[in-house]
Amino acid sequence: MAATNQPILLSFTTTTITTVPHLKQLHAHLLRTTLLPSSSAPSLLAHLAISSLTTLSSSSSSSLDYALSVFTHTSPFPDTPLCNSVLRDLAKGAHPDRAVWVYARMRGEGRAVDRFSFPPILKALARVRGGVREGSELHGVALKMGFGLDPFLQTGLVRMYASSGCVFVARQVFDEMPLRDVVAWNVMINGYCQGGLYDDTLLLFEEMKRSDVKPDKMILATVVSACNRSRNLSFGREIHDYIRKEKVEVDFHLQNALVTMYVNCEAIDTARELYEQMPLKNLVAATSLVMAYSKLGRIEAARSIFDELVDKDLVAWSAMIACYAESDCPQEALKLFNEMEILGVRADQVTVLSVISACAELGVMDKAKWIHNYVDHNGFGDIVPVNNALIDMYAKCGSLVNAREVFYKMSSLRNVISWTSMIAGHAMHGDANGAFGLFDQMKAEGIMPNNVTFVSLLYACSHVGAVKKGHQIFASMISEYHIAPSHEHYGCMVDLLGRANLLKKALDFIESMPFPPNVVIWGSLLSACRLHGEVELGEFAAKQLLELDPEHDGAQVLLSNIYAKAKRWEDVVDVRRLMQNRGVMKEKGSSRIELEGKVHEFLMFDRTHEHTKHIYEKLDEVVFRLKMKGYVPDLSSVLVDLEEDEKKEVVLWHSEKLALCYGILNSKRGSYIHIVKNLRVCEDCHTFIKLVSKVYEREIIVRDRTRFHHYRDGICSCKDYWC
DNA sequence: ATAGGGTTAG
């Protein structure tokens with residue numbers, strides 16, 4: 001027996017135990033063997049349990065608890081130094097509450113606490129919620145034992161109090177310290193920083209510089225991170241200068257803190273320069289750069305940082321996927337998600353939310369169903385924000401039926417965002433009554449609407465021209481719900497009044513605002529003027545808008561539209577020349593169509609599709625047949641003063657018409673055609689698609705920039721109240 | 001035998 005046991009024991013004592021099976025195996029051996037001297041077994045076992053605790057302290061709680069039970073069941077109970085070192089490991093691990101537990105066991109077993117016990121327990125208590133209660137008790141115990149002036153104890157107390165939100169008590173202890181070294185200063189400074197007291201952070205740092213303690217790299221990292229959080233670029237730069245002047249060693253953490261600080265203080269070029277100097281690219285710095293470039297819409301810059309990373313973690317992947325999802329590149333987002341999956345990186349909630357919003361933007365039912373299935377099969381199905389995102393996605397993919405299904409399945413989990421997503425969904429499909437009904441139901445269930453709920457409701461009103469109801473909702477928002485209207489609410493009202501051709505009232509409304517109108521508000525008025533051919537007020541609105549944003553392309557496009565409608569070609573030419581001089585580009589219209597799970601994208605005049613020839617032939621045929629039914633191309637949206645024939649071509653080659661013809665080619669009578677357009681559908685295309693739905697007997701669903709149009713038998717769900 | 005500092009991000 002001894003001969004077979006010995007080598008196993010030896011192998012256990014010379015290597016670290018890292019897994020529970022290891023420990024269990026050893027435990028079993030020790031319990032079975034009778035040959036070990038009874039006195040040495042417990043101590044050996046306790047040591048081995050410790051060696052496993054070191055690595056297990058950050059793993060799953062069940063593994064940890066097993067090792068802990070081995071530790072606490074050794075007899076006699078482990079002595080104080082042994083317990084102290086266990087406390088140390090537990091305090092820095094993933095389950096600091098277990099340190100508190102061991103401390104309780106220690107006391108219960110009559111083991112004395114010494115000055116070495118306090119720092120680890122305090123550290124653990126600093127990381128446990130509500131730990132300050134036991135922490136202050138411990139404070140008293142330590143004072144009674146005469147350790148009051150022990151710098152290790154005091155530093156631990158400062159940290160414990162500060163991280164429990166008791167910064168003032170922490171400061172009191174700090175002020176009582178007879179000797180404050182760089183660690184003590186760091187803990188106090190960090191305490192202010194974590195507590196959001198950035199002014200105090202920087203003040204204390206200044207105070208430290210006046211004392212005889214010299215700042216080191218760690219304290220500088222803390223201070224730089226305070227500059228980051230408080231967006232204090234100038235102080236951050238000063239610290240950076242100090243670091244260079246004093247030749248402080250810039251390690252990983254410090255470099256990281258500097259890059260993050262520059263990124264968040266919108267000094268992205270400086271951040272990039274520093275990043276380029278890093279010998280090893282750190283994930284955190286890289287990810288914050290990716291996110292910063294994403295916010296600026298610089299997709300290629302974000303991607304190049306991302307591509308350089310060798311070991312990408314989930315956050316890096318998620319940031320890049322979100323970058324695409326938020327920058328009008330839903331297909332790239334899905335592609336990247338797929339690559340991530342192939343590499344075996346497991347998505348989390350944040351990733352999934354980005355992917356759902358990419359699917360929403362794409363507007364393709366096939367993909368919507370795919371991600372929904374993914375959600376259900378990967379354990380995200382009960383997460384409220386995920387379900388809310390699914391509701392929004394289905395609405396944006398044209399299916400209120402599916403949106404409702406998700407909504408009803410949520411039952412008791414629904415929150416204000418779930419309801420608001422449903423209301424917004426009905427609004428975008430022009431079902432105002434559905435939206436109002438949901439609102440009543442929501443109130444009946446006691447869910448308080450928020451400002452976004454009201455934006456959605458007003459939006460529903462403006463899509464059907466419900467002027468009276470809109471006023472009513474706007475008033476009740478203020479009086480009943482005490483929500484102060486924001487730019488968005490005023491924008492909806494201006495939109496509502498403007499579309500209803502109450503332009504003067506819209507202007508009055510703008511003038512009644514308690515704060516200056518913004519670009520969006522003037523834009524709403526301007527587009528209403530375009531709709532109703534109102535030149536004078538349109539010019540006024542455009543002038544106001546361009547004063548706020550001289551680069552605004554939409555204003556110039558709309559203004560030239562108004563002039564074109566009034567056949568004021570010289571004015572059109574002037575505006576266009578202005579646009580060209582300023583390099584203003586009109587966003588190109590594009591339309592997507594989904595056929596058998598494949599997405600085809602068309603631009604205006606597009607001739608790149610493999611079936612271009614057939615598509616244009618079909619277009620000729622469709623135009624011919626529609627003309628027989630009385631279709632006359634409406635040229636009023638054409639900006640340029642061309643010959644009539646040329647204008648016709650410009651109108652007929654709009655991307656949605658090309659997509660539609662491709663759809664007719666590839667579908668049968670009685671089927672659905674689903675198109676997503678990035679801009680608004682023009683008036684001519686609107687008429688054109690209505691006629692196609694009748695002549696070719698197709699149901700056509702078009703999502704444009706602001707809403708859905710369901711065309712069937714020559715009629716559109718928007719009842720032509722749109723634009 | 002055993003003690004105090006920076007892990008940041010969506």
Side-chain angles (χ1 to χ4, degrees), chain A residues 43 46-47 50 54 58 78-92 94 102 106 111-124 126-127 142 147 150-160 162-163 173-174 177 179-191 193-194 213 215-226 228-229 250-261 263-264 282-292 294-295 312-323 325-326 347-355 357 385:
Chain A
S43 143
H47 272 285
I50 288 175
T54 313
S58 284
D79 61 10
T80 301
L82 213 46
C83 288
N84 287 347
S85 83
V86 165
L87 288 176
R88 186 177 131 256
D89 288 334
L90 292 171
K92 63 182 175 201
V102 166
M106 218 179 138
R111 283 280 170 264
V113 179
D114 62 11
R115 65 196 167 97
F116 297 107
S117 313
F118 291 112
I121 307 169
L122 288 172
K123 183 180 189 167
R127 300 180 55 212
F147 299 137
D150 180 342
F152 286 87
L153 174 82
Q154 290 176 310
T155 312
L157 287 171
V158 172
R159 179 177 144 115
M160 187 274 298
S163 61
V173 177
F174 178 76
M177 289 181 78
L179 278 170
R180 286 178 286 213
D181 63 6
V182 70
V183 179
W185 282 98
N186 192 19
V187 170
M188 193 61 234
I189 289 175
N190 206 14
C193 186
Q194 302 288 330
V213 178
D216 67 357
K217 58 180 181 178
M218 278 197 202
I219 225 161
L220 288 163
T222 301
V223 176
V224 170
S225 134
N228 168 35
R229 288 166 193 236
V250 179
D251 69 357
F252 229 56
H253 291 289
L254 188 48
Q255 187 92 4
N256 227 337
L258 284 167
V259 172
T260 314
M261 187 268 296
V263 166
N264 291 330
N282 177 280
L283 267 177
V284 175
T287 308
S288 48
L289 267 172
V290 167
M291 291 188 294
S294 168
K295 221 185 276 170
K312 304 170 179 69
D313 71 349
L314 176 61
V315 183
W317 281 98
S318 297
M320 195 61 226
I321 290 169
C323 173
E326 287 157 17
D348 72 354
Q349 185 187 322
V350 180
T351 330
V352 169
L353 286 172
S354 282
V355 178
S357 90

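Each chain gets a letter, A, B and so on, in the order its sequence line appears, and its residues count up from 1. Quick note: numbers below take in every heavy atom, side chains included, and nothing from hydrogens, waters or symmetry partners.
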**Prompt:** Is any side-chain nitrogen or oxygen of A:Arg159 closer than 4.0 Å to OP1 or OP2 of B:dG6?
**Reply:** yes
**Item:** Value rounded to 0.5 Å, distance of CG in A:Asp79 from CZ in A:Arg111
**Value:** 6.5 Å
**N/O (side chain, A:Lys92) to phosphate O (OP1/OP2, B:dG5) under 4.0 Å** = no
**Message:** Expressed as a whole number of angstroms, how long is the span from A:Asp313:CG to B:dT8:P?
**Reply:** 12 Å
**Request:** Rounded to the nearest angstrom, tell me the gap between atom CG in A:Leu153 and atom C1' in B:dT2.
**Result:** 16 Å
**Message:** Heavy atoms from C-beta onward define the side chain here; which of B:dA1, B:dG5, B:dA9 lies closest to that of A:Asp216?
**Reply:** B:dG5
**Message:** Mind checking if A:Leu254 touches a base, just sugar-phosphate, or nothing, with heavy atoms under 4.0 Å?
**Reply:** base
**Message:** Applying a 4.0 Å non-hydrogen cut-off, can you work out what A:Val187 is touching in the nucleic acid: base, sugar-phosphate, or nothing?
**Reply:** sugar-phosphate
**Prompt:** When rounded to the nearest 0.5 angstrom, what distance separates OG1 in A:Thr80 from CE in A:Met106?
**Reply:** 4.5 Å
**Complete:** When rounded to the nearest 0.5 Å, the distance separating NZ of A:Lys217 from CG of A:Leu220 is 11.0 Å
**Message:** I need the NZ-C1' distance between A:Lys217 and B:dG6, as an integer number of Å.
**Reply:** 10 Å
**Request:** Name the nucleic acid region contacted by A:Thr287, choosing base, sugar-phosphate or nothing; use a 4.0 angstrom heavy-atom cut-off, strictly under.
**Result:** nothing
**Request:** Mind calculating the distance between CE (A:Met106) and C1' (B:dT2) to the nearest angstrom?
**Result:** 10 Å
**Prompt:** Does the B:dA1 base have a donor-acceptor partner in the side chain of A:Asp79 within less than 3.5 Å?
**Reply:** yes
**Request:** Compare the aromatic ring of A:Phe152 with the six-membered base ring of B:dA3 and state whether they stack according to the 5.5 Å and 30° rule.
**Result:** yes
**Asked** When rounded to the nearest 0.5 angstrom, what is the spacing between CD1 in A:Ile219 and CG in A:Leu254?
**Response** 12.0 Å
**Message:** Tell me which pairs pass side-chain hydrogen bond (donor to acceptor under 3.5 Å, both in side chains) where either residue lies in residues 179-190 of chain A, with sequence neighbours left out.
**Reply:** A:Asn186-A:Thr222, A:Asn190-A:Gln194
**Request:** Output the single nucleotide from B:dA9, B:dG5, B:dA3 whose closest atom is nearest the side chain of A:Val182.
**Result:** B:dG5
**Between A:Asn228 and A:Ser225: side-chain donor-acceptor atoms closer than 3.5 Å** = no
**Request:** Would you mind reading off the distance between A:Met320 atom CE and B:dA9 atom C1', rounded to a whole angstrom?
**Result:** 16 Å
**Fill in**
Whole-Å distance, A:Ile189 CD1 to B:dG4 C1', equals 15 Å
**Request:** Go through B:dA1, B:dG6, B:dG10 for me and flag the one nearest to the A:Met291 side chain.
**Result:** B:dG10
**Prompt:** Looking only at side-chain N and O atoms, does A:Asn256 come under 4.0 Å of OP1 or OP2 in B:dT8?
**Reply:** no
**Message:** From NE2 of A:His253 over to P of B:dA9, roughly how many Å is that when rounded to an integer?
**Reply:** 14 Å
**Message:** Nearest whole Å is fine: how far is B:dG4 P from A:Met177 CE?
**Reply:** 14 Å
**Request:** Measure from the side chain of A:Asn190, starting at C-beta and using heavy atoms only, and say which of B:dT2, B:dG6, B:dG4 lies closest.
**Result:** B:dG6
**Complete:** Ranking B:dA3, B:dT2, B:dG5 by distance to the side chain of A:Lys123, first place goes to B:dG5
**Message:** Base, sugar-phosphate or nothing for A:Ile219? Non-hydrogen atoms, less than 4.0 Å.
**Reply:** base
**Under-3.5 Å donor-acceptor pair between A:Asp348 side chain and B:dG10 base** = yes
**Item:** A:Arg127 versus A:Lys92, closest heavy-atom pair with distance
**Value:** NH1-C, 3.3 Å
**Asked** Using a cut-off of 4.0 Å on non-hydrogen atoms, how would the nucleic acid contact of A:Asn228 be classed: base, sugar-phosphate, or nothing?
**Response** nothing
**Check: A:Asp181 side chain, B:dG4 base, donor-acceptor under 3.5 Å** = yes
**Prompt:** Under 4.0 Å between a side-chain N/O of A:Arg88 and OP1 or OP2 of B:dT2, yes or no?
**Reply:** no
**Item:** Shortest side-chain distance from A:Val284, nucleotide among B:dA3, B:dT8, B:dT7
**Value:** B:dT8
**Request:** Measure distances between side-chain N and O atoms of A:Ser318 and base N and O atoms of B:dG10, and say whether any donor-acceptor pair falls under 3.5 Å.
**Result:** yes
